[in-house]
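This is a predicted model, so every value here is computed, not measured. In each ligand, atom 1 is the first atom listed, and ligand 1 is the first ligand listed.
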Amino acid sequence: MSDERRRPAIVAVDDEEVVLSAIARDLRRGFGERYRIVRANSGDEGLDVLRELLRRGDQVALLLADQRMPGLTGTDYLVRAREMAPSAKRVLLTAYADTEAAIQAINEVSLDYYLLKPWDPPEEQLFPVVDDLLSSWEAGAALEAGGVRLIGHRFSRASHDLRDFLARNRVPARWLDVERDAEAKQLLKVASVDDDRLPVALLEDGTVLERPTVLELAERLGIAGQPASEHYDLVIVGGGPAGLAAAVYGASEGLKTIMVEREAPGGQAGQSSRIENYLGFPNGLSGSDLARRATDQARRLGAELLTLQDASRLRVEGSGRIIELTGGSSLSASSVLVASGVSYRQLEVPGFPELTGQGIYYGAALTEARDCRNQHVAVIGGANSAGQAAVFFSKYAQQVTMLVRGDSLTKSMSHYLIEQIEALDNVEVRTHTEAVGAEGDGRLRALRVRDADGSESTMDVDACFVFIGAVPRTDWLEGVVARDERGFILAGLDAKADGWPLQRDPFPLETSVPGVLVAGDVRARSIKRVASAVGEGSMAVSLVHQYLAES
Ligand SMILES: Cc1cc2nc3c(=O)[nH]c(=O)nc-3n(C[C@H](O)[C@H](O)[C@H](O)COP(=O)(O)OP(=O)(O)OC[C@H]3O[C@@H](n4cnc5c(N)ncnc54)[C@H](O)[C@@H]3O)c2cc1C
């Protein structure tokens, strides 16, 4: 294949020759070395071009179309193009007068950006935007092309945990289902691995890991590192939005900062398919993209990130604060920020514990989406996270059924999500309904469902995603830091009541232990939102400065 063919394509569509030539020229100037710029004069021609590129196996990175065109409008074209190339970034070119149409298109086609004409100077108006979109496309493409090959059974919990770990830590990897992919069988034969030794991870250096634990795989991939120092100005526990924000601010303001994360940076937000209400991202962004950006930013500014390490105890020794880690090592700190968020609550009804990871998943488990193609998926819960999951899985599954205990979604879900759900033909919302059991034979086959009148029925499903609230996991702080009856950590004046030792009042985010602060969802009475977690994480750093200045 020639080099010209191998470069990923950017497809630009406009019926006005002058505009098309200008945008193609500028795109070529900015990105021509790495990307091939392909032009089309109408929406229909654009679809033909796209079809041909995909038929030849070319990658398509970005689709750009003018909104005002005879025949297919830019939005119409992007709706159809998205079905053919779902991972390509989508940009609408609009006149100022068409801004309203562009904003509408954000939902209709999950638009990534709308670009106002004229885009002069391109160095300011065009290049930074396209560069940013291409970077996130490249990150996704690299992940899918992936170095690690993981082979296993789809309905095996061990396979699911490894897949989830690789995806959430953004390790380039390819999943091969031994029952569906012929390549999986061949690879197992070459590597001389028996079926009963699955899951197996084939690494780029030729290493074959049979039935590895997540930690073993992480260690072989060099993800589970060791701290570089023994003492830090600030140790952050938890790498969700609150912890990441604190890492960015701590490091950028000269504090020697380390963030300890048990699973993967991004926390709950990292599992969101699309965050639409975070300020500054009018087109929404995926949680994985937010986590990637924040992690890069924290590292670039000098924060150390320690993943797959679990804080298991906090010790107070004079002015020192010691965080013990589950592996046996510990970190000494002048100050600590607890940003450990919340974890999904488990559904304690028959069949659910046994079938978890085998068709039942807590959280969005985005890695499962592709395997749900043409299947029936149930989503349990009526809050925003469940709504997002229903919208997301509707793109893959044949049918999505939401099981909601309350009488409507309005009390628990944001208006924008309710509107999106109502517009989807393949999403059914069953209110006054709860799951009372799960049935299966090594994999989920059906849910037992109870309706408002108390009658029970069986519903055949292939996968079930559960979002029934979350609880803080703060047992490791028992007896050291004051918590409320549900385990959320008290801060500020609430924490003072509990044997506060200093003359001054605690700072607003300070816990009952001076110099130990709390931010985000784990704080008692916090607002459970990405923006508030980010705000508190940032604010905590300025309070750490005040604490260090006076101690
Ligand atoms: C599916 C989903 C979609 C959502 N969508 C939106 C949305 O669109 N908009 C919005 O505003 N909010 C949304 N939310 C809520 C939002 O994600 C949370 O409010 C936010 O992530 C809270 O951030 P946090 O940093 O406080 O905690 P978390 O995000 O919970 O992160 C805490 C981190 O700490 C780690 N951790 C816990 N204990 C330890 C320990 N002992 N040692 C080391 N690490 C530990 C965890 O592994 C986790 O990564 C969504 C939530 C979910 C689940």
Side-chain angles (χ1 to χ4, degrees), residues 164-165 168-169 224 235-247 258-279 281 284-288 290-291 294-295 305-314 323-327 331 336-345 361-366 379 381 383-393 413-414 416-417 420 465-478 481 487-489 509 518-524 526-538 540:
D164 202 51
F165 155 75
R168 290 183 58 201
N169 281 282
V235 172
I236 302 162
V237 178
L244 284 164
I258 187 164
M259 186 188 87
V260 184
E261 165 55 47
R262 160 196 288 160
E263 293 169 6
Q268 296 168 73
Q271 292 179 300
S272 168
S273 48
R274 199 166 177 87
I275 300 167
E276 302 202 40
N277 51 8
Y278 188 48
L279 189 71
F281 293 86
L285 86 169
S286 71
S288 152
L290 179 68
T295 308
L305 308 189
L306 200 61
T307 31
L308 284 183
Q309 300 266 1
D310 216 317
S312 57
R313 205 169 150 221
L314 169 68
I323 292 285
E324 292 181 6
L325 304 174
T326 33
L331 295 166
V336 171
L337 176 68
V338 182
S340 54
V342 291
S343 308
Y344 294 112
R345 206 153 60 79
Y361 306 98
Y362 287 87
L366 304 180
V379 172
N384 280 355
S385 46
Q388 266 181 26
V391 172
F392 177 71
F393 285 111
M413 196 179 287
S414 297
Y416 78 93
L417 270 171
Q420 286 181 27
F465 299 88
V466 188
F467 301 85
I468 52 162
V471 285
R473 281 200 273 163
T474 51
D475 293 354
W476 62 283
L477 292 167
E478 190 172 358
V481 171
F488 288 98
I489 298 174
L509 298 178
V518 59
D521 280 14
V522 71
R523 185 176 67 79
S526 63
I527 308 290
K528 312 288 185 273
R529 287 282 185 272
V530 174
S532 39
V534 167
E536 289 187 12
S538 322

Taking [Y]'s backbone N and O only, do any of them form a donor-acceptor pair with [X]'s side chain (distance below 3.5 Å, no angle check)?
{"X": "Thr326", "Y": "Ser312", "value": "no"}
{"X": "Arg345", "Y": "Ile468", "value": "yes"}
{"X": "Ser526", "Y": "Gly520", "value": "yes"}

Any atoms of ligand 1 less than 4.0 Å from a non-hydrogen atom of [X]? List them with their elements.
{"X": "Gly239", "answer": "33 (C), 34 (O)"}
{"X": "Gly520", "answer": "26 (O)"}
{"X": "Lys528", "answer": "19 (O)"}
{"X": "Ala533", "answer": "22 (C), 23 (O), 26 (O)"}
{"X": "Val260", "answer": "43 (C), 44 (N)"}
{"X": "Gly267", "answer": "29 (O), 31 (O), 48 (C), 49 (O)"}
{"X": "Asn277", "answer": "7 (C), 8 (O), 9 (N), 10 (C), 11 (O)"}
{"X": "Gly341", "answer": "27 (O), 28 (P), 30 (O), 32 (C)"}

Please state which part of [X] comes within less than 4.0 Å of ligand 1, counting heavy atoms only: side chain, backbone, both or neither.
{"X": "Tyr278", "answer": "neither"}
{"X": "Ser340", "answer": "both"}
{"X": "Gln309", "answer": "backbone"}
{"X": "Val342", "answer": "backbone"}

Geometry only, no angles: is [X] polar-contacting ligand 1 at N/O separations under 3.5 Å?
{"X": "Arg262", "value": "yes"}
{"X": "Ile275", "value": "no"}
{"X": "Glu261", "value": "yes"}
{"X": "Asp310", "value": "yes"}
{"X": "Arg529", "value": "yes"}
{"X": "Phe467", "value": "no"}
{"X": "Asp521", "value": "yes"}
{"X": "Pro241", "value": "yes"}
{"X": "Val530", "value": "yes"}

Can you list every salt bridge (Lys or Arg N to Asp or Glu O under 4.0 Å) pair that touches residues 528-537, not counting sequence neighbours?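 Found Arg523-Glu536.
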
Atom 2 (C) of ligand 1: which of Ala519, Ala339, Ser385 has the nearest heavy atom?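 Answer by nearest heavy atom: Ser385.
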
Give the single entry among Gln388, Arg168, Glu536 that approaches atom 8 (O) of ligand 1 most closely by any heavy atom. Gln388

Which side-chain N or O atoms in residues 386-393 pair as donor and acceptor under 3.5 Å with protein atoms at least two apart or in another chain?
from   : atom 1 : to     : atom 2 : distance (Å)
Gln388 : OE1    : Ser272 : OG     : 2.7
Gln388 : NE2    : Arg274 : O      : 3.2

For residues [X] and [Y], report the shortest heavy-atom separation together with the two atoms involved.
{"X": "Pro472", "Y": "Val522", "answer": "CB-CG2, 4.1 Å"}
{"X": "Gly363", "Y": "Phe467", "answer": "C-CZ, 3.4 Å"}
{"X": "Ala339", "Y": "Ile236", "answer": "CB-CG2, 4.5 Å"}
{"X": "Pro265", "Y": "Thr295", "answer": "CB-OG1, 3.6 Å"}
{"X": "Gly487", "Y": "Thr474", "answer": "O-OG1, 2.6 Å"}

Applying side-chain contact (heavy atoms from CB on, under 4.5 Å) to Val338 and Val481, what does each step give before you reach the verdict? CA-CA 10 Å; Val338 182; Val481 171; 5.9 Å; no

Apply side-chain contact (heavy atoms from CB on, under 4.5 Å) to Asp310 and Trp476, showing your working. CA-CA 10 Å; Asp310 216 317; Trp476 62 283; over 6 Å; no

Do Gln271 and Glu263 get their side chains close enough for a donor-acceptor pair, meaning under 3.5 Å?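 Note: Gln271 and Glu263 side chains miss the donor-acceptor criterion.
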
Under the criterion side-chain contact (heavy atoms from CB on, under 4.5 Å), I'd like the reasoning laid out for Val342 against Phe488: C-alpha separation, chi angles, the key distance, then a yes or no. CA-CA 9 Å; Val342 291; Phe488 288 98; 3.8 Å; yes

